[in-house]
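Beneath this line is the structure, given in structure tokens, with notes to follow.
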There are 2 protein chains.
Amino acid sequence: MKLAEAKAQFINSWGVFGTYWGINRTMAQIHALLMVSADPLSQDEVMEELKISRGNVNMNIRELIDWGLVERVLIPGERKEYFTAEKDIWKVATQIIKERKKRELDPMMKLMGQLEDVEGDKKDKDVKQFTETINGIKRFGQQADKMLDVMVKADENWFISSLMRFFK
Amino acid sequence: MKLAEAKAQFINSWGVFGTYWGINRTMAQIHALLMVSADPLSQDEVMEELKISRGNVNMNIRELIDWGLVERVLIPGERKEYFTAEKDIWKVATQIIKERKKRELDPMMKLMGQLEDVEGDKKDKDVKQFTETINGIKRFGQQADKMLDVMVKADENWFISSLMRFFK
DNA sequence: TTGAATTTTCAAAACTTTTTGAAAATATAT
DNA sequence: ATATATTTTCAAAAAGTTTTGAAAATTCAA
């Protein structure tokens with residue numbers, strides 16, 4: 001397969017996978033494009049490659065920067081801004097885990113804390129089932145939280161070598 | 001907080017969290033409702049509780065069954081079908097991991113296999129960057145795959161006690 | 001300063017997904 | 001068989017999300 005074709009297919013599929021992960025299609029495509037580009041690209045180059053509008057590129061790049069997946073790069077002598085993506089997939093994953101933990105797991109745990117004790121008859125089966133469900137989610141979340149923290153703090157080599165040995 | 005209020009808040013929030021996870025709002029709400037209900041519910045009861053149409057309940061329950069999170073229950077002497085959700089949050093998580101692995105990780109790994117070798121000059125920086133990115137994703141995916149497999153096969157106690165001791 | 005290049009914003013349009021509800025299909029009791 | 005209850009389907013409507021593109025804001029050099 002030729003590079004151009006493979007690249008197009010990768011960008012497209014990364015876009016589809018992105019939608020499964022709560023990331024919008026275009027944002028994922030821009031991310032994919034920047035990951036496979038050896039050099040930083042300008043907004044115009046991204047527009048050109050993906051055939052999308054300036055506003056779209058601008059907003060999605062800003063969100064990628066917000067997620068910590070893309071960086072602004074200044075090229076000496078150039079007026080335009082250029083952008084580049086983190087290439088180390090381990091760092092990409094770590095960054096995504098960190099952000100999603102902050103955006104999703106933390107608020108959920110907060111809510112479980114609030115819903116933990118409901119008034120009323122502890123023997124009522126509905127009160128009981130509710131409390132058990134909330135508690136189960138809370139305990140599970142705390143374990144997940146700990147595990148993700150360690151994963152995020154660990155560096156790739158430590159993680160892969162020791163965890164994978166453990167999980168042989 | 002009263003049970004009814006806590007329940008409503010839980011169902012609503014579970015719906016919002018669901019959308020972060022590629023699950024639609026209503027499907028997540030029905031799941032939440034069934035998780036906190038001590039007894040199985042009929043389609044009519046779900047319609048009534050969540051104020052949604054029959055078709056909507058029907059389609060989303062079917063999808064929940066498809067995901068292995070909800071089961072049909074037959075109540076002797078009743079004409080209607082009733083539905084109940086898996087209550088053990090560990091089993092819920094395991095089931096979701098299993099399904100998402102099948103729906104998302106497996107196809108991605110298949111694609112990486114196809115894009116692995118592109119024609120052309122191995123020294124060209126763009127060819128090089130592309131190949132390295134694809135390979136990085138492939139290796140990462142293989143590790144994730146192994147890890148998820150072990151998690152899914154392990155039972156809760158084994159997992160929490162030994163993995164969490166490891167991750168202390 | 002001024003003016004050209006570049007980036008950002010955001011209302012309206014395009015597109016996508018979800019929901020409704022009534023009709024069709026299926027199941028069950030008599 | 002017939003009637004009635006129940007479930008399923010699916011086209012159209014509603015709701016939600018993303019994209020466009022032109023205007024406003026910002027940046028930078030002269």
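What you see is a predicted model, and the numbers here were worked out from it, not measured in a lab. Naming: A, B, ... by sequence-line order, numbering from 1 per chain.
Atoms CD (A/Glu63) and P (D/dT17) sit 13 Å apart, rounded to a whole Å. B/Arg72 has its CZ atom 9 Å from the P atom of D/dT7, to the nearest Å. Regarding A/Ile61, its CD1 atom lies at a distance of 17 Å from the P atom of D/dT18, rounded to whole Å. Taking atom CG on B/Asn56 and atom C1' on D/dA14, their separation rounds to 12 Å, with Å as the unit. Between the CG atom of A/Leu50 and the C1' atom of D/dT18 there is a distance of 15 Å, given to the nearest Å.
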Run the side-chain contact (heavy atoms from CB on, under 4.5 Å) check on A/Phe10 and B/Met112 step by step: do they pass?
-> CA-CA 8 Å; A/Phe10 174 65; B/Met112 294 306 122; 3.9 Å; yes
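Listed by chain and number, the residues in a side-chain contact (heavy atoms from CB on, under 4.5 Å) with A/Ala6 are A/Met1, B/Leu115, B/Val118, B/Phe130 (sequence neighbours excluded). Under the side-chain hydrogen bond (donor to acceptor under 3.5 Å, both in side chains) criterion, A/Lys128 pairs with no residue at all, not counting sequence neighbours. Remark: A/Lys138 pairs with A/Glu116 by the side-chain hydrogen bond (donor to acceptor under 3.5 Å, both in side chains) rule, at least two apart or across chains. For B/Arg62, the side-chain contact (heavy atoms from CB on, under 4.5 Å) partners two or more places apart in sequence, or in a different chain, are B/Asn58, B/Met59. Partners of B/Ser42 under the side-chain hydrogen bond (donor to acceptor under 3.5 Å, both in side chains) rule, at least two apart in sequence or in another chain, are B/Glu45. With sequence neighbours excluded, no residue forms a side-chain hydrogen bond (donor to acceptor under 3.5 Å, both in side chains) with B/Gln9.
First and last contacting nucleotides of DNA chain C toward chain A (any atom under 4.0 angstrom from a heavy atom, 5' to 3' order): C/dA4 to C/dC10.
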For a quick test of your reading: what N or O donor-acceptor pairs under 3.5 Å do the side chains of residues 50-57 of chain A make, sequence neighbours left out?
unit_1	atom_1	unit_2	atom_2	d
A/Lys51	NZ	A/Glu48	O	3.0
A/Lys51	NZ	A/Glu48	OE2	3.4
A/Ser53	OG	A/Asn56	N	3.3
A/Arg54	NH2	A/Asp44	OD1	3.0
A/Asn56	OD1	A/Asn60	ND2	2.7

Would you give me the side-chain donor-acceptor pairs under 3.5 Å for residues 64-73 of chain A, sequence neighbours excluded?
unit_1	atom_1	unit_2	atom_2	d
A/Arg72	NH1	A/Glu81	OE1	3.0
A/Arg72	NH1	A/Glu81	OE2	3.2

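Among pairs with a residue in residues 19-43 of chain A, those fulfilling salt bridge (charged side-chain N to carboxylate O under 4.0 Å, His left out) read A/Asp39-B/Lys125, at least two apart in sequence or across chains.
Within the cation-pi definition used here (under 6.0 Å to the ring centroid, within 45° of the axis), B/Arg139 does not qualify as a partner of A/Trp90.
The 5' end of DNA chain C is approached more closely, in terms of each residue's nearest nucleotide, by A/Glu81 than by the other of A/Glu81 and A/Met59.
Contacts with DNA chain C (heavy atom under 4.0 Å) in residues 23-32 of chain B: B/Asn24, B/Thr26, listed by number.
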Report each atom pair, protein N/O against N/O of nucleotides 27-30 of chain D, whose distance is under 3.5 angstrom.
unit_1	atom_1	unit_2	atom_2	d
D/dT27	O2	A/Arg79	NH2	3.1
D/dC28	O2	A/Arg79	NH2	3.4

